[in-house]
Amino acid sequence: MPDLKTDVLVIGGGPAGSMTAKWAAKAGARVLLLEKRQEIGSPVRCGEGMSKDWLPEVGITPGRWINVEVEGARIFSPSEKVFEINEKHAGNEVGYVVERDEFDKQLAIDAANAGVEVKLKTAAVALLKDGGRIVGAKVKEFGQTYEVRAPVTIGADGFESQIGRWAGLPTNIAVRDMDTCLQYRMTNVDCDARYCDFFLGKVAPGGYVWVFPKADGLANVGIGVQVSQVENPADARTYLDRWIEHHPGYAKGKKIDMVGGGVSISPPLKQTVADGIMLVGDAARMIDPLTGGGIANGCIAGKICGTVAAEAVLSGDASKEFLQKYEKGWRVRLEEKLYRNWLAKEKLVTLSDATFDKIIDALSGVRLEKLSVHNILRAVRDKYPEVTKEFEAFL
Amino acid sequence: MASKKSLHIESSGQLCIYCGACVGICPLNCIYLDETRITFDEKVCTRCEICVKACPVGAIEID
């Protein structure tokens with residue numbers, strides 16, 4: 001296999017990779033997108049819930065990848081008091097429940113239609129370096145090894161990203177900043193297709209149990225547990241099985257699929273670019289630390305990343321200094337919320353089941369005009385003044 | 001020198017679901033995932049056991 005040259009090399013065919021590739025091609029760059037598996041979008045490792053207000057911003061049009069459009073979210077306290085939030089206020093996992101494999105394929109199709117070359121079954125095995133700068137990657141396509149040279153290389157290789165580590169970017173995460181997740185697709189369950197449901201408290205230490213409806217009677221039922229809260233191997237599975245056992249509407253269901261994975265719930269990385277390289281999406285730890293949702297942030301950053309990549313190529317400058325435009329761009333758009341939600345996550349992990357019950361109870365009785373931390377705390381203070389003492393830093 | 005504990009990653013498919021959680025959390029980047037197999041670098045691994053906790057299905061054992 002002869003070596004290849006391109007302008008922008010994108011490693012990873014998930015949403016962030018396809019989005020980056022598409023926007024780089026639209027801005028005039030030659031783009032090569034690599035996917036290590038034989039199929040883009042598969043296997044699915046996702047709860048498949050996502051918000052929808054950001055889709056026009058990045059040029060994604062609704063398609064057959066949508067399963068269900070939900071009205072909102074229901075947050076359940078440990079004693080199962082309920083707080084309902086309508087979709088507009090519910091954060092970035094509520095809006096659509098999707099077929100992730102179809103969604104990922106649609107984004108890859110959009111990229112291909114914009115002029116991106118796509119290679120399947122092609123993994124990056126090392127980065128090419130020239131002095132300190134990254135100038136492409138050594139890749140393996142169907143077992144054949146060759147080099148792809150590119151002035152800009154992009155790591156969109158997901159949670160278990162190797163590209164960032166090979167480039168020397170600080171992507172390591174602490175055990176308190178990762179959730180270990182497991183999910184079953186279950187049929188014959190009593191889910192309500194109007195809502196994405198979240199169950200908080202000791203049922204899922206440092207995370208939550210989710211029920212995202214795919215259709216009437218069919219739902220993704222999953223759990224995230226903070227790794228620092230894990231006491232025994234397979235706790236994610238143990239806690240999820242226990243939750244299902246204690247919920248007759250789900251215990252009667254049948255499992256037809258199982259997926260697992262790691263989700264970063266970390267503060268934003270300090271650095272996502274170096275000479276000739278940028279990281280985007282889960283590889284750049286852009287997942288919302290409160291909800292665990294990563295699709296919206298990955299796509300929003302992907303558009304910025306692709307646009308800057310093309311500008312770098314066309315101006316002949318792919319230095320770390322030039323790529324700061326991406327670093328600054330995604331931070332302006334996402335960083336404040338990521339950091340704020342990380343702080344909120346750090347706080348929520350410390351709450352007892354009794355406190356969760358009081359908070360949700362206080363909220364279930366009021367109709368909030370606008371869902372903000374301030375409004376939530378005010379509602380809680382009216383009913384349980386002692387609880388808000390724990391949150392003085394947020395007021 | 002004390003010998004290291006034994007770490008075993010069950011990746012024949014009986015337990016492992018190839019999700020990559022262990023790969024992503026490993027602080028030394030010494031766990032590798034391909035389509036059908038997970039391996040780790042015996043020499044680099046310090047047996048910190050973080051991967052044992054990160055695995056959602058208990059496919060990693062240490063003793």
Side-chain angles (χ1 to χ4, degrees), chain A residues 36-39 43-46 121 123 125 140 157-166 168 171-183 207 222-241 257-264 266 282-283 285 287, chain B:
Chain A
K36 69 177 175 186
R37 297 203 170 84
Q38 64 268 38
E39 183 182 346
V44 172
R45 287 184 299 169
C46 182
K121 207 78 179 163
V125 294
K140 208 169 182 182
D157 52 336
F159 173 74
E160 64 264 33
S161 175
Q162 299 295 302
I163 302 302
R165 295 174 180 217
W166 292 342
T171 58
N172 274 3
I173 45 177
V175 286
R176 73 171 199 277
D177 288 332
M178 173 187 167
D179 266 13
T180 171
C181 302
L182 192 69
Q183 170 182 280
I223 194 169
V225 176
Q226 198 172 304
V227 173
S228 59
Q229 309 268 323
V230 167
E231 286 172 355
N232 298 298
D235 262 1
R237 183 166 160 237
T238 307
Y239 279 106
L240 181 57
D241 288 346
D257 184 29
M258 185 196 296
V259 298
V263 171
S264 64
S266 65
D282 291 7
R285 314 294 185 217
I287 292 175
Chain B
M1 197 176 93
S3 66
K4 284 180 179 176
K5 290 180 188 172
S6 140
L7 178 81
H8 176 65
I9 302 182
E10 191 297 307
S11 73
S12 69
Q14 290 186 56
L15 296 171
C16 179
I17 55 174
Y18 310 107
C19 73
C22 55
V23 179
I25 195 75
C26 176
L28 294 166
N29 201 23
C30 71
I31 308 180
Y32 314 102
L33 166 69
D34 66 27
E35 294 279 305
T36 56
R37 206 165 52 114
I38 290 185
T39 53
F40 73 103
D41 189 325
E42 178 76 33
K43 291 195 212 81
V44 177
C45 173
T46 61
R47 313 299 193 263
C48 72
E49 306 190 24
I50 288 173
C51 58
V52 178
K53 291 187 166 196
C55 177
V57 293
I60 307 179
E61 280 185 345
I62 198 156
D63 55 41

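First the proteins, then the strands, lettered A, B, ... as listed; each starts at 1. Everything quoted here is computed from the prediction, not taken from an experiment.
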Inset, instruction - Scan side-chain atoms only and decide if Q162(A) and N29(B) contain a donor-acceptor pair under the 3.5 Å cut-off. - result: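 Looking only at side-chain atoms, N29(B) and Q162(A) do form a donor-acceptor pair, the distance falling under 3.5 Å.
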
Legend entry - I17(B), part contacting chain A, at a heavy-atom distance under 4.5 Å: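 Side chain of I17(B) only, per the 4.5 Å heavy-atom cut-off to chain A.
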
Inset, instruction - Please determine if R285(A) forms a cation-pi arrangement with F159(A), meaning its NZ or CZ atom is less than 6.0 Å from the six-membered ring centre and no more than 45° off the ring axis. - result: yes

Any [X] side-chain heavy atom under 4.5 Å of [Y] side chain:
X	Y	answer
C45(B)	C30(B)	yes
F40(B)	L7(B)	yes
I60(B)	C22(B)	yes

Inset, instruction - Between chain B and each of G262(A), S161(A), A234(A), count heavy-atom pairs under 4.5 Å; write down the option with the most. - result: A234(A)

Inset, instruction - Name the member of R237(A), E231(A), M258(A), R45(A) that forms the most heavy-atom pairs with chain B at distances under 4.5 Å. - result: R45(A)

Legend entry - Winner by heavy-atom pair count (cut-off under 4.5 Å) against chain A, out of G20(B), G58(B), A54(B):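 Most pairs with chain A among the choices: A54(B).
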
Inset, instruction - For chain A, find which of A59(B), P56(B), C55(B) contributes the most heavy-atom pairs closer than 4.5 angstrom. - result: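 If we count pairs closer than 4.5 Å to chain A, P56(B) comes out on top.
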
Legend entry - Electrostatic pair E39(A):K121(A) at N-O distance under 4.0 angstrom: no

Inset, instruction - Under 4.5 Å heavy-atom distance to chain B, tell me which part of A174(A) shows up: side chain, backbone, both or neither. - result: backbone

Inset, instruction - Could you look at V263(A) and say if it's the side chain, the backbone, both or neither that has a heavy atom under 4.5 Å from chain B? - result: neither

